[in-house]
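In what follows, a single structure is set out as structure tokens and then discussed.
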Amino acid sequence: MAVTLKSRTELEKMRRAGRIVGQCHELLRDAIRPGVTTAALNKLVHEHIVREGGTPSFLGYPGKVPFPAATCISVNDEIVHGIPGRRVLHEGDIVSVDIGAIWEGYHGDSAWSYPVGQISESARRLLDVTEGALYHALEFARAGNRLSDISHALQTYAEAADFGVVRKYISHGIGRSLHEEPQINNYGLPGRGLKLLPGMTFAIEPMVTQWSYESRELDDGWTVATLDGGLAAHFEHTIAITPDGGPEILTWQGA
């Protein structure tokens with residue numbers, strides 16, 4: 001699939017999808033607490049997407065088995081693609097919630113990692129650095145830059161803090177499909193790859209670990225966890241490259 005430049009009409013639909021996703025994350029800030037199940041969090045998000053007239057992007061997504069929920073919820077050493085269920089969150093956990101919504105055929109996609117009650121200093125630092133890596137990388141998502149400028153910025157920010165950057169799972173283009181071209185490594189040398197143009201839309205999503213960047217897939221066919229058992233965090237925004245040069249965040253929370 002070729003990289004597409006979105007029209008003004010297409011971008012407006014993606015803004016609407018992104019706003020729904022951002023609203024879901026706002027709801028989660030109050031809902032995530034010790035004692036809540038991941039199924040309850042998924043229900044909250046699913047109901048909000050439907051109430052706003054959208055459709056969950058992830059529900060039924062093809063895999064070894066179709067993904068069974070509206071959200072991916074990954075806890076502690078789980079990096080991405082966790083399946084919501086009976087699991088109860090406990091004080092000191094960190095939980096990553098990845099949400100996608102479709103509005104009139106266009107997707108918004110955003111992940112955020114949250115503390116559950118009081119968390120350790122090392123877990124807090126992991127969350128802060130991963131969120132910082134996302135925003136640092138977005139500074140390089142500008143018309144005229146190359147795709148790998150984003151990758152390099154993300155990697156160097158996280159590794160300067162002595163954290164690992166997951167290699168196997170990456171950022172991606174987004175629009176009419178949840179996953180479009182180009183695929184975007186979250187690591188690499190700068191100045192390489194596609195030249196960024198206004199109208200390109202990407203989901204930039206650093207997945208950062210306490211220790212090794214290596215991962216393993218669990219027996220459920222979806223959940224991906226760190227190989228060494230260290231904690232993992234995941235932050236993601238859907239963005240559009242603007243004519244003014246910089247990125248517009250389409251999944252902004254508080255919009």
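Along the sequence shown, the residues carry numbers beginning at 1.
If you take OG on Ser215 and CG on Asp77, they are separated by 11.5 Å, rounding to the nearest 0.5 Å. Rounded to the nearest 0.5 Å, atoms CD (Gln210) and CG (Asp162) are 12.0 Å apart. Interatomic distance, Gln155 CD to Ile150 CD1, rounded to the nearest 0.5 Å: 14.0 Å. Note that CZ of Arg216 is 9.5 Å distant from CG of Asp228, once rounded to the nearest 0.5 Å. Within the model, atoms CG of Asp128 and CD of Glu121 stand 10.5 Å from one another, a figure rounded to the nearest 0.5 Å. Atom CG of Leu231 is separated from atom CD1 of Ile79 by 11.0 Å, given to the nearest 0.5 angstrom.
With a 4.5 Å cut-off on side-chain heavy atoms, Thr209 and Val165 do not count as touching. Using a 4.5 Å heavy-atom threshold, the side chains of Leu41 and Ile73 count as touching. Side-chain contact between Trp112 and Leu134 is present, with at least one heavy-atom pair separated by less than 4.5 Å. The shortest side-chain heavy-atom distance between Pro182 and Leu147 falls under the 4.5 Å cut-off. With a 4.5 Å cut-off on side-chain heavy atoms, Asp109 and Val21 do not count as touching. At least one side-chain heavy atom of Phe163 sits under 4.5 Å from a side-chain heavy atom of Leu126. Side-chain contact between Glu248 and Ile239 is absent, with no heavy-atom pair separated by less than 4.5 Å. Cys72 places none of its side-chain heavy atoms less than 4.5 Å from the side chain of Val80.
The heavy-atom pair separating Ala31 from Leu44 by the smallest distance is CB-CD2, 3.6 Å. The minimum heavy-atom distance between Thr242 and Ala143, with the atom names listed, is O-CB, 4.3 Å. The two atoms that bring His25 and Tyr114 nearest to each other are ND1-OH, 2.6 Å, heavy atoms only. Listed here is the closest heavy atom pair of Ala232 and Ser96: O-OG, 4.3 Å. Among all heavy-atom pairs drawn from Phe67 and Pro84, the shortest one is CZ-CD, 4.3 Å. Residues His107 and Ser177 approach most closely at CD2-C, 3.5 Å, considering heavy atoms.
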Any chance you could lay out the side chain to side chain contact (heavy atoms under 4.5 Å, CB included) test for Val88 and Val36, step after step, and finish with the verdict?
CA-CA 6 Å; Val88 176; Val36 72; over 6 Å; no
Go through the steps for Val95 and Val116 under the test side chain to side chain contact (heavy atoms under 4.5 Å, CB included), then give the verdict.
CA-CA 7 Å; Val95 57; Val116 181; 3.9 Å; yes
Pair Thr238, Met14 - check side chain to side chain contact (heavy atoms under 4.5 Å, CB included), show working.
CA-CA 9 Å; Thr238 297; Met14 292 187 69; 4.1 Å; yes
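Using a 4.0 Å cut-off between a side-chain N of Lys or Arg and a carboxylate O of Asp or Glu, Arg33 and Glu91 do not qualify as a salt bridge. Between Glu26 and Arg29 there is no salt bridge, since no side-chain N of the basic residue sits under 4.0 Å from a carboxylate O of the acidic one. A salt bridge between Arg16 and Glu52 is present, with a side-chain N of the basic residue lying under 4.0 Å from a carboxylate O of the acidic one. Classification of Glu217 and Lys64 as a salt-bridged pair holds, one side-chain N sitting under 4.0 Å from a carboxylate O. Between Glu47 and Lys43 there is a salt bridge, with a side-chain nitrogen of the basic residue lying less than 4.0 Å from a carboxylate oxygen of the acidic one.
Taking the six-membered ring for Trp and the full ring otherwise, His81 and Tyr169 have centroids separated by under 6.0 Å. Checked against the 6.0 Å centroid criterion, the rings of His179 and Tyr61 qualify as a close aromatic pair.
Within the 3.5 Å criterion, the main-chain N or O of Pro115 finds no donor-acceptor partner in the side chain of Arg124. With hydrogens and angles disregarded, no donor-acceptor distance shorter than 3.5 Å links the side chain of Ser110 to the backbone of Thr251. At least one donor-acceptor pair closer than 3.5 Å links the side chain of His152 to the backbone N or O of Gly188. Side-chain atoms of Asp220 come within 3.5 Å of backbone N or O of Thr223 as a donor-acceptor pair. Of the possible polar contacts, none joining the Asn42 side chain to the Ala69 backbone as a donor-acceptor pair under 3.5 Å is found. Between the side chain of Ser7 and the backbone N or O of Glu10 there is at least one donor-acceptor pair closer than 3.5 Å. Side chain of Thr71 to main chain of Val97: no donor-acceptor pair is present (N/O by atom type, distance under 3.5 Å, no hydrogens or angles). Side-chain N or O atoms of Trp211 include none that pairs as donor or acceptor with a backbone N or O of Thr226 at under 3.5 Å. No side-chain donor-acceptor contact under 3.5 Å links Thr37 to the backbone of Arg86. Using modelled atom types, no side-chain atom of Thr130 and backbone atom of Ala233 make a donor-acceptor pair closer than 3.5 Å.
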With a cut-off of 3.5 Å and sequence neighbours excluded, list every side-chain donor-acceptor pair involving residues 192-208.
unit_1 : atom_1 : unit_2 : atom_2 : d
Thr201 : OG1    : Lys6   : NZ     : 3.0
Thr201 : OG1    : Ile174 : O      : 2.5
Glu205 : OE1    : His234 : NE2    : 2.8
Glu205 : OE2    : His172 : NE2    : 3.2

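Between the side chains of Ser171 and Asn186, at least one donor N or O lies within less than 3.5 Å of an accepting N or O. Donor-acceptor pairing under 3.5 Å is recorded for the side chains of Tyr106 and Arg176. With 3.5 Å as the limit, one finds a donor-acceptor pair spanning the side chains of Tyr135 and His237. Counted by atom type alone, Ser122 and Ser120 present one or more donor-acceptor pairs between their side chains at under 3.5 Å.
When hydrophobic clusters are built by joining Ile, Leu, Val, Met, Phe, Trp and Tyr residues whose side-chain heavy atoms come closer than 4.5 Å, directly or via intermediates, Val224 is not grouped with Leu227. Under the 4.5 Å side-chain heavy-atom criterion for grouping Ile, Leu, Val, Met, Phe, Trp and Tyr, Val65 is connected to Phe58 within one hydrophobic cluster. Each of Val166 and Phe235 belongs to its own hydrophobic cluster when Ile, Leu, Val, Met, Phe, Trp and Tyr are linked at side-chain heavy-atom distances under 4.5 angstrom. Grouping the Ile, Leu, Val, Met, Phe, Trp and Tyr side chains by contacts below 4.5 angstrom, directly or via other members, places Val129 apart from Tyr187. Taken together through direct or relayed side-chain contacts under 4.5 Å among Ile, Leu, Val, Met, Phe, Trp and Tyr, Trp103 and Trp252 form part of one hydrophobic cluster.
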